[in-house]
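Take a look at the structure set out below.
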Protein chains: 2
Amino acid sequence: MLYIRELMSSSKPAKAKTQANLSQYSQTKRQQIVDGAIRVFLKYGYADTSMNRVAEESGVIKQTIYSHFSDKEGLFRAIIETLTLEHFRNEFGDNLSFEESPDVVLRRIGTVFMQRKDDPSYIALMRTVIGESARFPELARLYVNTVIGPAKQALSAYFAAQKQLQISEPEATARIYCGSIVSYIMTQEVLHGNEIIPFDSERFLNTLIAMVLGQKK
Amino acid sequence: MLYIRELMSSSKPAKAKTQANLSQYSQTKRQQIVDGAIRVFLKYGYADTSMNRVAEESGVIKQTIYSHFSDKEGLFRAIIETLTLEHFRNEFGDNLSFEESPDVVLRRIGTVFMQRKDDPSYIALMRTVIGESARFPELARLYVNTVIGPAKQALSAYFAAQKQLQISEPEATARIYCGSIVSYIMTQEVLHGNEIIPFDSERFLNTLIAMVLGQKK
DNA sequence: TAATTATCATACCGTTCGGTATGATTGTCA
DNA sequence: TGACAATCATACCGAACGGTATGATAATTA
């Protein structure tokens, strides 16, 4: 009953105790738990999520959760790690072409980025990671390392490579570009500023792109 | 025992029941509660703050809290409202001079803004308002209305007035300017990115200012 | 000073929490 | 099919929660 949780910690591919996987029956249950926990944790935050509610939402009994995860913290960490890694996969897929003209590239990655504002799970993840960044600083750092860092790095390298743009501070420029969009989403969606101080997202993007492309050395 | 809480709701100046204020003795206790509650709520968030802990931190008995505030939610709302209004007072004090040259003005407000990254209570307030923005959307909207809105509006008006800058989108530009700095603080301080992806704040500001001043029409 | 009012100390209420125990039931696989 | 592992149902544990009751003490005000 205990060795399951060893296999699952940080979702390593299993260590071949008897066979490869405790396939299907158990894995399915684990996925149910993860799916349900994602919904509940992202909706209510860590402190206000009860394990009873997770069990209910997952369609699983509480003991089953504790046979897959050590405790509430372990489950929460696993959930946030999973979501963070998923976001990494999607962030700057293959949008950073060095051959197309910069305005096309900047607009495409800006648009893709901006689309996240309509994804409730993205909004909820931002809120949760930030909201729990005092209690779970290591999860915040994971997010920085996995999502923000690589995105910033990739865009920074792009700016540095596009000599005709004459960008003397590629990293700062990359931070400004991404940060502006993040802040826009934060204000309009996370903080519900939508109806209070509305502003068209395309118009915002246009200004931002013009600013980056038009800056003097 | 009940009329105290009426007087205090939203800190209106009292309705002259017998006299003006229940001066000192009671007011002092209320301030103790608010001060203690600020520390506790900002540190642990709403759900993980217990009224016992607030009482302990405030040096006051639990019943005293409930004679000044209706319940835990009422206390939390009062605390966040207080802090939000305080931030409004300080945000763009008198830094938006229309007579000095734009680079001086932009640098000054940028520097003042950026200094907030070293203020733990500012960091904690950001974290709390965002973290609780699902449970307390009206507090998030209050923050937008009171802090973000006016700041954005003032800077936007400034950009519109400085014709020589040829800024065709003053509001978007104001959002980019403030949003970049907020995002910088968010990444570096709130999410503990300081040691992971360090970047000098002055260098960041220099790039941002140059970008805004140097943008083409 | 006398009466009023707020705070104190302490104990309590019902509920929910994270986590566990027990034993029956179901799925997996040799 | 039989043996074993995992999930189920249910009940329970001690602790902590938000909030209240009671009665004594200290501060305010008339």
Side-chain angles (χ1 to χ4, degrees), chain A residues 1-8 14 16-37 40-41 44-79 135, chain B residues 1-8 14 16-37 40-41 44-79 135:
Chain A
M1 208 193 292
L2 277 178
Y3 54 86
I4 284 187
R5 92 176 58 143
E6 307 173 39
L7 299 178
M8 298 309 174
K17 188 134 189 163
T18 54
Q19 232 156 359
N21 287 343
L22 277 299
S23 62
Q24 249 54 23
Y25 187 31
S26 182
Q27 292 283 16
T28 301
K29 289 297 168 186
R30 186 176 205 265
Q31 198 56 50
Q32 283 183 37
I33 296 169
V34 168
D35 292 344
V40 180
F41 274 123
Y44 299 101
Y46 178 79
D48 232 32
T49 290
S50 76
M51 296 301 273
N52 285 320
R53 187 169 234 151
V54 172
E56 191 180 333
E57 181 77 23
S58 305
V60 142
I61 210 66
K62 205 160 47 159
Q63 276 285 21
T64 305
I65 299 178
Y66 282 97
S67 69
H68 284 276
F69 301 92
S70 61
D71 53 14
K72 189 185 176 186
E73 281 200 22
L75 175 57
F76 181 69
R77 273 187 242 269
I79 262 56
R135 192 203 305 256
Chain B
M1 207 195 291
L2 278 179
Y3 56 86
I4 285 188
R5 89 177 59 144
E6 306 173 38
L7 298 178
M8 299 310 176
K17 188 136 189 165
T18 54
Q19 234 160 358
N21 286 342
L22 276 301
S23 61
Q24 248 54 22
Y25 187 33
S26 183
Q27 291 284 16
T28 301
K29 290 297 169 185
R30 186 178 205 265
Q31 197 56 50
Q32 283 184 37
I33 296 169
V34 169
D35 292 345
V40 180
F41 274 123
Y44 298 102
Y46 178 79
D48 232 32
T49 289
S50 76
M51 296 301 272
N52 286 320
R53 188 170 233 150
V54 172
E56 191 181 333
E57 182 77 21
S58 305
V60 143
I61 211 66
K62 204 160 47 161
Q63 277 284 22
T64 305
I65 300 178
Y66 283 97
S67 68
H68 284 276
F69 302 92
S70 61
D71 54 13
K72 188 184 176 185
E73 280 200 22
L75 175 58
F76 181 69
R77 273 187 244 269
I79 262 54
R135 191 203 306 255

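Sequence lines set the chain letters: A, B, ... in the order given, protein chains first and strands last, and positions in each chain run from 1.
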Which protein N or O atoms sit under 3.5 Å from an N or O of nucleotides 15-17 of chain D?
from	atom 1	to	atom 2	distance (Å)
D/dC17	OP1	B/S50	OG	3.4

Tell me every residue that passes side-chain hydrogen bond (donor to acceptor under 3.5 Å, both in side chains) with A/K62, counting only those two or more places apart in sequence or in another chain.
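Scan of A/K62 (side-chain hydrogen bond (donor to acceptor under 3.5 Å, both in side chains), adjacent residues dropped) gives A/N52.
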Which residues pass the side-chain hydrogen bond (donor to acceptor under 3.5 Å, both in side chains) test with A/D71, sequence neighbours left out?
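Expected list: none.
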Under the ring pair (Phe, Tyr, Trp, His ring centres under 6.0 Å) rule, collect the residues that match up with A/F76, sequence neighbours excluded.
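Listed in chain order: A/F41, A/Y46, A/F136.
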Global bending angle along the helix from C/dT1-D/dA30 to C/dA30-D/dT1, which compares the axes of five pairs at either end, to 10 degrees
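The angle, to the nearest 10 degrees, is 30°.
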State whether A/H68 places a side-chain N or O below 4.0 Å from either non-bridging phosphate oxygen (OP1 or OP2) of D/dT7.
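For D/dT7, OP1 or OP2 has a side-chain N or O of A/H68 closer than 4.0 Å.
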Heavy-atom neighbours of A/E56 CD exceed 12 at 6.0 Å:
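It does not: A/E56 CD has 12 such atoms or fewer within range.
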If the sugar-phosphate is the primed atoms plus P, OP1 and OP2 and the base is the rest, what is the B/S/- string for nucleotides 8-13 of chain C, using protein heavy atoms under 4.0 Å?
BBB---
Note, A/R135 side chain near B/D48 side chain (heavy atom, < 4.5 Å):
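Side chain of A/R135 against side chain of B/D48, heavy atoms only: contact under 4.5 Å found.
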Hey, are the side chains of B/M51 and B/L75 touching, using non-hydrogen atoms and a 4.5 Å cut-off?
yes
Which heavy atom of [X] sits nearest to which heavy atom of [Y], and what is that distance?
X     : Y     : result
B/G36 : B/S58 : CA-OG, 3.5 Å
A/I33 : A/T64 : CD1-O, 4.0 Å
B/G74 : B/F69 : O-CD2, 4.4 Å

Integer-rounded Å distance: [N] [atom2] and [X] [atom1]:
X     : N      : atom1 : atom2 : result
A/I65 : C/dA21 : CD1   : P     : 17 Å
B/Y66 : C/dT5  : OH    : C1'   : 22 Å
B/D71 : D/dT20 : CG    : C1'   : 13 Å

Nearest 0.5 Å, what's the NZ-CD1 distance between B/K72 and B/I65?
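One gets 11.5 Å once the value is rounded to the nearest 0.5 Å.
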